[in-house]
Enquirer: 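Dropping the structure in here first, questions after.
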There are 4 protein chains.
Amino acid sequence: MSPRRDPEGRRRAIVHAAVVEIAEVGIGQVTHRRIAARAGVPLGSTTYYFPTLDDLVSAALREATETARAQLEAWADELLASDDIAGTFVDLARGYLADREQALLEYELCLAATRTPQLRPVAQLWMDGLRGICARFTGGPERGFALAALVDGVLLEALVTGDELDAGGLRAGVEALVSRRTAAGRT
Amino acid sequence: MSPRRDPEGRRRAIVHAAVVEIAEVGIGQVTHRRIAARAGVPLGSTTYYFPTLDDLVSAALREATETARAQLEAWADELLASDDIAGTFVDLARGYLADREQALLEYELCLAATRTPQLRPVAQLWMDGLRGICARFTGGPERGFALAALVDGVLLEALVTGDELDAGGLRAGVEALVSRRTAAGRT
Amino acid sequence: MSPRRDPEGRRRAIVHAAVVEIAEVGIGQVTHRRIAARAGVPLGSTTYYFPTLDDLVSAALREATETARAQLEAWADELLASDDIAGTFVDLARGYLADREQALLEYELCLAATRTPQLRPVAQLWMDGLRGICARFTGGPERGFALAALVDGVLLEALVTGDELDAGGLRAGVEALVSRRTAAGRT
Amino acid sequence: MSPRRDPEGRRRAIVHAAVVEIAEVGIGQVTHRRIAARAGVPLGSTTYYFPTLDDLVSAALREATETARAQLEAWADELLASDDIAGTFVDLARGYLADREQALLEYELCLAATRTPQLRPVAQLWMDGLRGICARFTGGPERGFALAALVDGVLLEALVTGDELDAGGLRAGVEALVSRRTAAGRT
DNA sequence: AATGAATGAGGGTTCATTCAT
DNA sequence: TATGAATGAACCCTCATTCAT
């Protein structure tokens, strides 16, 4: 199945399997064996490419963040091109929650970062990215931070309650925070 | 310390140790042994009072939520008595973050609830409580939800980044969401 | 439920529960807790009446043997009154196997006796009883022993295979071993 | 003793240790740790080769049965070559009982099979083997079954009572059951 | 006399990690 | 380079037994 001679591919396959596995069972429950099984590689490969399980988990979370980063950029593009900021935010959030497990992983990473210093920068990446985007649509950085927090909070709540996204709340919040002038100036 | 024969006290001591331990190392890393050591009781006691580790963890999270709930009620009182809603929110959030580990535990519980059905109601309690309070200060339920999400987001971000509370963002967000009339009517 | 003041009754209830429990799960899997639960008495009662689990198991096996002994006597009566020894043996064996678990317990006791000296006499009781009965229907003690062994073997095989009693084999064996003259002399 | 890298040998050593251990303490009392100690391998090895204790026990019993099967075949050969069937049966039974613990294990397996379905086929192997042999020396299958039961019963009784084999009883039984013609035809 | 509380030993099992090959 | 074998620590949990009440 996996190419005999493609170390980089192997590595990526393992990391990817780790991401999926973490998303599914949570950081605390992930094991070498599970990842190896999921990736379809021998157990030894996981420790060969990653000396420690922590290393592997870190790599997985890093990759997950990369994914999120790309997503954030897509958000920025869509938001800039939209003339209904609030509506677009709702659409984007809904899209984000579509892959619930992936989204969960993101938040789990954030919490894990609070106890694992090496995860800090990874988590920071997401936070900063979201804040950066939000700040473009509000009068000042403070409101931008508030908007980012709002989005984070709405997403978290949806994940926790298991309900649909609270579109009404999100829309109301965005509208209250987004600068009229900015929105108007764009038309 | 604990009297030889005080089942209820023993039980509480174990639960409390579990709370502290979970706050410190995370739900996924907590073990009978750690809790027993922290509580100063023999290993067997933990399984005597709680047949399963899951039971013990549940009890701990339930207790933690009870604490949070009490805190929320204190919030409500302070907010109702205040004529600077935003400023009071900031103070309260700061107070909440003062015990970082306890706060962290709260969020960990929320995330864990997504994968452990039995934890759902416990997490819901917090979410509902916060939303209920917030709704009192906004024009409608949607803005109330948005305010709750904002608070949740701000707290989460502070926990994750390890920075101080983003007071400016919180204040700006609250001001944008809180109903003028309510604020005005209270002067 | 159980009378407040009836130590002997309590004791019997525990022993009986132990018998049933052993029959159900096997000697090696029986525990104080299981017996207490089955008997509907507090855990402490089991150790109060029987210092050791071994003591309790022994008592249970002793009781089981007593039951078997009574059964053997019934066999003797029926056989003596019968003019179709082989057919009666078949009927009796079938009756014995009707309560499979009880029968199993008997054999388990026998095997356990090989490793637990204190169980020896209990097991011996059954063996001797069966032999004694059988000897009455054969020409000499040797054939009597053979008949007893045959019965034991047939019962064991039925238990192990889970099949019905091998009536044909048993009948053939009995007929070959039973003394014609004895049978004839009784008409 | 055992080479560093010899998985098959290791596996066999563990299984063999399990057989011996079961013979000594009984199925219900056997543990990973005991087996590991007896085999002179680390604890982890037992679970590495056999995911579950049940698996290990099954393997051990299977092996024991294989041994017994080989023995049965030897019996068949000797019996066919003999002109004193009864005497040969006695010799064979005595030989079988010479290794008391191995014999005990056999019967324990049979009883355990009644409660552990996966053990059924293993136990059946022994029963069928013995019956098959016996049937060759009797007039019909029914007497064959009876003979097998007789042998089983005699062996069981010897094991349980701890006495010598009841040679007289066995001889008498065999003589009563073995087909004259077969015996005669062979002279 | 009777019992719930308490405990520590030990059981099965999992797993990160090391290492010979 | 790559991997299956191997290992021991640690985990959760069960339980016989002891003991204060």
Enquirer: Both atom distances under 3.5 Å, Watson-Crick or G-U wobble: I'd like the secondary structure of DNA chain E as a dot-bracket string, with | for pairs made across strands.
Expert: .||||||||||||||||||||

Enquirer: Could you please spell out the steps behind the side-chain contact (heavy atoms from CB on, under 4.5 Å) verdict for A/Arg115 and B/Gln29?
Expert: CA-CA 12 Å; A/Arg115 280 194 267 265; B/Gln29 311 308 320; over 6 Å; no

Enquirer: In whole angstrom, give the distance that lies between atom CZ of D/Arg33 and atom C1' of F/dG8.
Expert: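 It is 11 Å, rounded to the nearest whole Å.
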
Enquirer: Counting distance only, does the side-chain N/O of C/Glu108 pair as donor-acceptor with the main-chain N or O of C/Ile27 below 3.5 Å?
Expert: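 Yes, because the side chain of C/Glu108 sits within donor-acceptor range (under 3.5 Å) of the backbone of C/Ile27.
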
Enquirer: Can you pull out the residues from residues 49-63 of chain A that lie within a 4.0 Å heavy-atom distance of DNA chain E?
Expert: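 By residue number: A/Thr52, A/Leu53.
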
Enquirer: If I take atom OH in residue C/Tyr48 and atom P in nucleotide E/dA2, what distance separates them, rounded to the nearest angstrom?
Expert: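 To the nearest whole Å, that distance equals 5 Å.
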
Enquirer: Can you tell me if D/Thr47 touches the phosphate of E/dT13, counting only side-chain N or O atoms and a distance under 4.0 Å to OP1 or OP2?
Expert: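 It does not, given that no N or O in the side chain of D/Thr47 lies less than 4.0 Å from OP1 or OP2 of E/dT13.
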
Enquirer: Measure the distance from CD1 on B/Ile35 to P on F/dC12 and round it to the nearest whole Å.
Expert: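 Going from B/Ile35 (CD1) to F/dC12 (P), I get 8 Å.
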
Enquirer: What's the closest nucleotide to the A/Ser45 side chain, out of E/dG11, E/dT7, F/dT3?
Expert: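 Closest nucleotide to the A/Ser45 side chain: F/dT3.
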
Enquirer: Which listed nucleotide (F/dA9, F/dC12, F/dC13) is nearest to the side chain of B/Leu43?
Expert: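 The answer is F/dC13, which lies nearest to the side chain.
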
Enquirer: Quick one: does B/Leu53's side chain get under 4.5 Å of B/Thr47's, heavy atoms only?
Expert: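 No, their side chains stay 4.5 Å or more apart.
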
Enquirer: Round to the nearest Å and state the distance from B/Gln29 atom CD to F/dC12 atom C1'.
Expert: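 Distance, rounded to whole Å: 15 Å.
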
Enquirer: CG/D/Asp55 to CZ/D/Arg62 distance, rounded to the nearest 0.5 angstrom?
Expert: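 Atom-to-atom, D/Asp55:CG and D/Arg62:CZ are 8.5 Å apart.
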
Enquirer: To the nearest angstrom, how far is C/Arg34 atom CZ from F/dT17 atom C1'?
Expert: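 The answer, rounded to whole Å, is 18 Å.
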
Enquirer: Looking at D/Arg10, I'd like to know whether one of its side-chain N or O atoms comes within less than 4.0 Å of OP1 or OP2 on F/dT7.
Expert: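 Answer is yes, contact under 4.0 Å.
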
Enquirer: Grab the two heavy atoms, one from A/Thr52 and one from A/His32, that are nearest each other, plus how far apart they are.
Expert: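 That closest heavy-atom pairing would be C-NE2, 4.3 Å.
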
Enquirer: Provide, to the nearest angstrom, the distance between the CZ atom belonging to B/Arg11 and the C1' atom belonging to E/dG4.
Expert: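 For the pair B/Arg11 CZ and E/dG4 C1', the rounded distance is 14 Å.
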
Enquirer: Could you tell me how far apart D/Asp6 (CG) and E/dA20 (C1') are, to the nearest whole angstrom?
Expert: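 The answer, rounded to whole Å, is 14 Å.
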
Enquirer: Do NZ/NE/NH1/NH2 and the carboxylate oxygens of D/Glu24 and D/Arg38 come within less than 4.0 Å?
Expert: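 Yes, D/Glu24 and D/Arg38 are salt-bridged.
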
Enquirer: Can you see which heavy atom on B/Val122 is nearest to which on B/Leu61, and at what distance?
Expert: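 Taking B/Val122 first and B/Leu61 second, the nearest heavy atoms are CG1-O, 3.7 Å.
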
Enquirer: Which residue lies toward the 5' end of DNA chain F, A/Gly44 or B/Gly44, if each is placed at its nearest nucleotide?
Expert: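 Final value for this comparison: A/Gly44.
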
Enquirer: To the nearest 0.5 Å, what is the distance between SG (D/Cys110) and CD (D/Gln124)?
Expert: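 The SG atom of D/Cys110 sits 9.5 Å away from the CD atom of D/Gln124.
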
Enquirer: Any idea which heavy atoms bring C/Val160 and D/Thr114 closest together, and the distance?
Expert: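 C/Val160 and D/Thr114 have their closest heavy atoms at CA-CG2, 3.9 Å.
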
Enquirer: Below 4.0 angstrom from OP1 or OP2 of F/dC15, is there any side-chain N or O of C/His32?
Expert: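 Answer is no, no contact under 4.0 Å.
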
